[in-house]
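This report concerns only the one structure given below.
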Amino acid sequence: MAVLDANVKRRLLPVVAHEDYVAPLPPGHRFPMAKFALLLERVRALGLTSPETLLKPGLVSRRVLGLVHEADYVEAVLSQTLDEQAIRRIGVPVTAAMAQRSRRAVAGTILTARAALKAGVACNTAGGSHHAFPGYGAGFCVFNDVAVAARMMQRDGLVRQVLVIDLDVHQGDGTAAAFDGDDSVFTFSMHCGVNFPARKQTSDRDIALAPGTDDDAYLAVLHDALGPLMEQVRPDLVIYVAGVDAHAEDRLGKLALTDDGLEARERLVLNMCAQHRVPVACVIGGGYDDDAEVIARRHAMVFEQAAALLADGEFGWAGA
Ligand SMILES: [Zn+2]
């Protein structure tokens with residue numbers, strides 16, 4: 001972790017990435033694989049990371065995946081023996097490369113959480129696979145990196161209480177199910193009420209927005225929810241699923257946020273964490289457009305805001 005320590009000392013944003021985040025898919029597949037490489041390129045171009053400061057995750061083990069996922073499911077993914085129905089539900093072919101990618105992304109979010117606990121804030125260039133349930137994957141999600149990272153930080157005794165702030169436009173149903181009846185991980189999902197998944201789970205707090213909700217309405221609801229939540233939950237760690245599919249032009253979203261609205265949202269969430277002295281691990285979640293470059297720019301906003309707040313000393317309480 002020498003690289004991370006150097007990051008913390010220089011108030012540089014810990015950025016987590018790996019070349020395995022991009023796995024080959026059949027041509028024309030609707031999962032936006034290209035965005036992961038373009039996001040890292042964008043983050044580099046903005047001067048927010050360099051080869052020297054980048055953090056690279058290892059591969060998460062079966063045992064750690066087992067903190068959340070059922071052993072039979074993990075085995076079936078890793079040996080590529082899922083049945084057709086299970087693969088259809090995920091919506092991407094679960095090849096050896098996809099299995100490796102999924103393990104890498106989970107390790108990435110774990111590393112991001114660890115880095116956030118040291119630096120105050122850190123960002124993964126993948127993650128947010130919130131539709132993955134303990135026993136099956138769904139909606140492009142194989143393993144639930146958010147849930148596994150929360151459990152891992154608890155298992156290592158680094159945190160007691162976790163708050164998941166999930167602002168992807170789709171409900172964080174897999175995460176809600178994983179922590180059903182468990183108060184030590186509080187799940188908050190703010191999403192569009194009439195979007196995928198058709199059958200919603202019950203998070204500890206759900207806010208279902210109407211289609212077409214715009215910047216002002218969205219930010220007002222979020223602002224009013226977040227402050228009291230931080231007071232009520234008193235988390236030791238926030239895991240922030242910063243899906244950008246709440247954007248007006250997103251292919252799969254039904255809300256009406258602009259670029260400025262998304263930027264203000266990232267600032268609001270990160271500021272709230274900084275002010276409450278809660279470390280925040282950011283994962284990117286969903287974002288869909290035929291132009292992957294456009295999506296990469298949207299995802300980069302949370303990195304930009306995090307880096308700016310870190311440089312300004314807003315997370316100065318961290319690492320003590
Ligand atoms: Zn989504």
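Source: prediction; values computed, not measured. In this chain, numbering begins with 1 at the start of the sequence shown. Whatever order the structure lists them in is the order used to number ligands and atoms, beginning at 1. Computed over heavy atoms, backbone and side chain alike; hydrogens, waters and symmetry mates excluded.
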Response to the item:
Looking at His170, the N, O or S atom sitting nearest the Zn ion (ligand 1) is ND1

Discussion item. Tell me which pairs pass ring-ring contact (aromatic ring centres under 6.0 Å, His included) where either residue lies in residues 272-301, with sequence neighbours left out.
Written reply: none

Would you tabulate the side-chain donor-acceptor contacts of residues 137-152 under 3.5 Å, counting partners in other chains and residues two or more places apart, or write 'none'?
from   : atom 1 : to     : atom 2 : distance (Å)
Asn144 : OD1    : Val146 : N      : 3.2
Asn144 : OD1    : Ala147 : N      : 2.9
Asn144 : ND2    : Ala132 : O      : 3.1
Asn144 : ND2    : Thr175 : OG1    : 3.2
Asp145 : OD1    : Gly128 : N      : 3.1
Asp145 : OD1    : Ser129 : N      : 2.7
Asp145 : OD2    : Thr109 : OG1    : 2.8
Asp145 : OD2    : Gly128 : N      : 2.8
Arg151 : NH1    : Gln154 : OE1    : 2.9
Arg151 : NH1    : Asp182 : OD2    : 3.1
Arg151 : NH2    : Asp182 : OD2    : 2.6

Discussion item. Angle at the Zn ion (ligand 1), OD2 of Asp168 to OD2 of Asp245, rounded to 10 degrees, please.
Written reply: 80°

Worksheet item: Are Lys200 and Asp206 within salt-bridge range, i.e. N to O under 4.0 Å?
Response: no

Discussion item. Please tell me whether Asp173 and His131 have a donor and an acceptor in their side chains that are separated by less than 3.5 angstrom.
Written reply: yes

Fill in: the Zn ion (ligand 1) reached by His191 (N, O or S, under 2.8 Å)
no

